[in-house]
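Bear in mind the structure is a predicted one, so any value in this text is a computation, not a measurement. Sequence lines set the chain letters: A, B, ... in the order given, protein chains first and strands last, and positions in each chain run from 1.
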Amino acid sequence: MYNHQAIEKKWQQRWRASKLYRTGEDRQKPKYYVLDMFPYPSGAGLHVGHPKGYIATDIVARKRLMQGYNVLHPMGWDAFGLPAENYALKNKVHPRQATQKNIATFKKQLELLGFSYDWEREINTTDPKYYRFTQWIFLQMWRRGLAYESYAPINWCPSCQTGLANEDLEDGHCERCGSLVEQKPMRQWVLKITKYADRLLDDLDKLPDWEEAIKEMQRHWLGRSLGAEIDFQIFGSEEKITVFTTRIDTIFGCTYVVLAPENPLVMSLKPKINNWLAVENYLQEVKDKTELQRTDLNKEKTGVCLEGVFAVNPFNQEKVLVYLADYVLNSYGTGAVMAVPAHDERDWEFAQKYQLPIRQVIITNNRESLNLEQALITDGTLRDSGDFSGLSSSEARIKMIDWLQKNNSGREKVNYKIKDWVYSRQRYWGEPIPLIHCDKCGVVPVPEEQLPVTLPEVESYAPTGTGESPLAAISDWVNVVCPHCGGPAKRETNTMPQWGGSCWYYLRYIDPHNQQELVAKDLEKYWSPVDLYVGGAEHATRHLIYARFWHKFLYDIGVVNYEEPFIKLQHVGLIMGEDGRKMSKRWGNVINPEEMAKRFGADALRLYEMFMGPFDQTVAWSTKGLSGTRKFLEKVYNIVDSSNKLPVKEEKQILSLLHKTIKKVDEDIEAFRFNTAVSAFMILINSVTDYCQAHQAMPLSSENLGKLLQILAPFAPHLSEELWDKLGFTGSIFKSKWPAYQEELIKDETITYIVQVNGRLRARLTVLAGADEEEIVHLAISEGAVSKWLEGKDIKKRIFVPGRLINFVV
RNA sequence: GCCGCGGUGGCGGAACUGGUAGACGCGCUGGACUUAAAAUCCAGUUGUAGAGAUACAGUGCGGGUUCGAUUCCCGCCCGCGGCACCA
């Protein structure tokens, strides 16, 4: 009887006692670093979707172990941040206690599934020994001018009562709590990620083992646009409006210029504006709109003309109207655009509404003239563009930028969609920012030897809502002496965001107990970079951009030896509830892995999650499906269990199938095709079972059964270990050497040919592997099922694909 | 709207570089065992016609290339994910 509970408990204890999964340290051996995205230990515990990625990495880790690598396969907790704090607030416990409790639950659940983590390297981002170095990295950034204070308006979540980065928004709502986000000006610490935008983009090409989809998402998020800034003088004034455009080739079609309502130029132009009342009204109107209303694409564009103000196009000295309109964003480019309605959809729409002139300056083969229905936005040939007429768009862009630079009225310019990273939060549960404000000396860093700046234990940690962190109220923590002048000074009271600690945690696993530095150089050199990183696609534009940014910075200051942190990235597909909806308390469709492991066994659960479908695809859960892999494991158990009761009669076909399976499973693991690997196991086991029943004999020797267990071991470690022991092998199966298949055993003696007539299957022909074409054709034609289709017809052509098929065209 | 991914039985899915469509699992149907049920085992399971051999149709839709297309090309439809007035 396959008693999974007893077996799993027994082997988990033995593995722990023998420290089987302690990371190898013999640096003569090749290394393999396989990493999961570490979880937030949330109060709800794990659902069955969480471990899916962990199972895959565990399979790879165990295989590498058997292949003789030193394997680094660690786990830890990303425990700072809003979810943990909100949970704690709701349940009226201190976040530290809530976090500790949740970690204990998560860890227990993970251990039940029998992962091969080296728990001696467990890390926790909320541990002062850990965040000491998060703070240290921040200070290095500050020293190099990459962290700066900003007072610009930022995203503010009224419910979480903190500022947020752009990456923390979903559709204009707080990603955490779903509240509508407002814009609020406030003091913030900001990281200059834009300085790394080019490298973050260009180095994506150095990552062939990242999925293209994720690289594309990052490219879009970074959003590099090459173009030009063009200065339009204000007529009769020293002021100028600088616009950014990627389509300088259309500049002769510019019929007006538009400023974003928030553009500070509006105020300085006030004396020249004849219709100030109308302008002021418009500004108010815009202010009253929510961010969502403003960015609603379906709404009609609105704007107001700045009467009396004219901008001069430097190319033709033409005076054009200046408008204010909220379809122009102040946060991108220069907050001003040149409007070319003939060649831009948005300008077209606006010009239609306000009856502004539309002037075509680009022609294409199929569009000699505008059809007055829509803008012509493709490249083409310039016309009515002065000296530039007749050039192609791409030539014109180069020559026009040259002209601008020579005439001192503009410059080449690259813009990015990504914004600098708003890095401070007005919340309690985060790493304190290790800076001090001194009236005399300004911002002073906490001396490195005084790190960490620990989070004070407090009674009240609820957000204040004033834009100040709750830490601001703790006067004996806040008030310090200035490390520089010794005078009175105050600590920075904002904390770091959720994503801070996760930017470098993969480095800490390499050297988790080092108190001198975040990672020792020689260890970093040996283990870094991460060979395989598995996690959810939702991190494509958040964590994975932030971490690459920090890593490049650490590379620049000599902490790491390679420019990219993760060599291969694989995303895991979600597991939905049985009803096809996302698993959530709300729908009552959450499946608990602990319960499933208890009922069916951790091994069956592991196997099922790999078998459900393609690894990167979203699939709905099915407990019945899980019972299928459970039945499969019972068959494996029964075969090995009965192997000493049946005589061994080695069967060549089954031996061959075993070796084919070894090959397939090996290849499938490397390609993350676990579903077909599991199916290959089932095929093999089915045929062994059938043989046993039919012949009352075991077709595989103990040695070969051992091979079967070895390739199954990464998937079903407990059962494999148990049966390995039962078969009389000594030592852990994970200390054994990963089996190799034998080429001569996987070659088939006979080949089944497909015989087609006019491409339609008419017969199958089984011939010896060595048979030549003539022989096969002869056999095929004499086959009744084939000859009846050939009768009375001429064979015009014969297609012969060796080893596969023969096709007669009649 | 743009970018990416996908659409195959009742369901999850398989099919290598164009070459047996539906592997494997679930479910369902029938049978064996059982007083009965569960479990287990055996047989069947894309549709239509046929007792059957077999024939025809069939991988979202419409065309095309090819001896041969789930696979390649063109034009659509639908679903999922990402971005979204980014000039």
Side-chain angles (χ1 to χ4, degrees), chain A residues 170-172 211-221 223-225 227 243-248 250 258 260 294-299 301 325-329 331-340 343-347 349-350 377 415-419 537-538 540-541 571 573-574 580 607-608 611-614 616-629 631-632 634 638 664 667 673 675-686 689 693 752-764 785 788 796-801 803-810:
Chain A
E170 244 167 35
D171 235 353
E211 289 160 89
E212 204 48 47
I214 294 202
K215 289 198 271 187
E216 253 335 269
M217 276 196 230
Q218 292 210 351
R219 287 190 190 106
H220 281 136
W221 193 265
R224 177 163 60 191
S225 303
V243 302
F244 172 72
T245 181
T246 55
R247 291 298 304 275
I248 192 173
T250 65
V258 194
R294 266 192 77 166
T295 53
D296 181 5
L297 277 167
N298 297 319
K299 79 157 200 233
K301 299 203 182 339
D326 69 354
Y327 79 89
V328 174
L329 307 174
S331 51
Y332 183 76
T334 59
V337 303
M338 63 174 208
V340 184
H343 304 295
D344 180 278
E345 280 171 336
R346 293 149 301 183
D347 299 340
E349 197 190 314
F350 193 78
I377 57 171
N415 264 323
Y416 303 90
K417 277 197 225 175
I418 194 168
K419 307 273 190 335
E538 70 273 15
T541 53
H571 92 264
L574 293 176
L607 213 58
Y608 174 61
F611 182 57
M612 289 175 83
D616 55 0
Q617 196 174 296
T618 302
V619 201
W621 177 262
S622 156
T623 303
K624 288 219 170 106
L626 171 55
S627 70
T629 53
K631 275 186 244 168
F632 161 76
E634 279 168 13
N638 291 336
K664 176 149 182 67
E667 289 168 356
R673 287 189 303 248
N675 55 332
T676 52
V678 175
S679 132
F681 281 125
M682 289 172 167
I683 291 168
L684 174 63
I685 290 302
N686 286 345
T689 310
Q693 267 171 18
T752 302
Y753 272 81
I754 304 310
V755 186
Q756 296 181 330
V757 178
N758 284 345
R760 302 191 69 110
L761 173 72
R762 295 305 176 189
R764 276 156 237 253
K788 80 174 184 196
K796 283 195 210 146
K797 203 173 159 188
R798 197 172 79 200
I799 288 118
F800 180 80
V801 183
R804 283 208 177 271
L805 75 112
I806 176 152
N807 184 12
F808 300 101
V809 185
V810 296

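- Distances were taken from every side-chain heavy atom of R760(A) (C-beta onward) to each of rC85(B), rG13(B), rC56(B); the shortest belongs to rC56(B).
- Between S679(A) and I683(A), some side-chain heavy-atom pair lies under the 4.5 Å cut-off.
- Taking 4.0 angstrom as the limit, Q693(A) places a side-chain polar atom (N or O) nearer than this to OP1 or OP2 of rC42(B).
- Spacing between rC26(B) and rA43(B) at atom P, rounded to whole Å, works out to 15 Å.
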Nucleotide-resolved protein contact map, nucleotides 18-25 of chain B, B/S/- at heavy-atom distance under 4.0 Å: -BB--BBS
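- A sub-4.0 Å separation between OP1 or OP2 of rA87(B) and a side-chain N or O of Y332(A) is present.
- Two residues, A537(A) and E345(A), neighbour RNA chain B, and the one matched to the more 5' nucleotide by heavy-atom proximity is E345(A).
- Stems are defined here as 3 or more consecutive Watson-Crick or G-U wobble pairs with pairing distances under 3.5 Å; those involving RNA chain B are B:1-7 with B:77-83, B:10-12 with B:24-26, B:27-32 with B:40-45, B:46-49 with B:54-57, B:60-64 with B:72-76.
- Counting only heavy atoms from C-beta on, R762(A) has its side chain closest to rC56(B) among rG4(B), rA87(B), rC56(B).
- Only the P atoms considered, rG63(B) is 24 Å distant from rG19(B), to the nearest whole Å.
- A salt bridge is defined here as a Lys NZ or Arg NE, NH1 or NH2 lying under 4.0 Å from an Asp or Glu carboxylate O, and K631(A) with E634(A) fails to meet this definition.
- A distance of about 47 Å separates the P atoms of rA32(B) and rC80(B), rounded to the whole Å.
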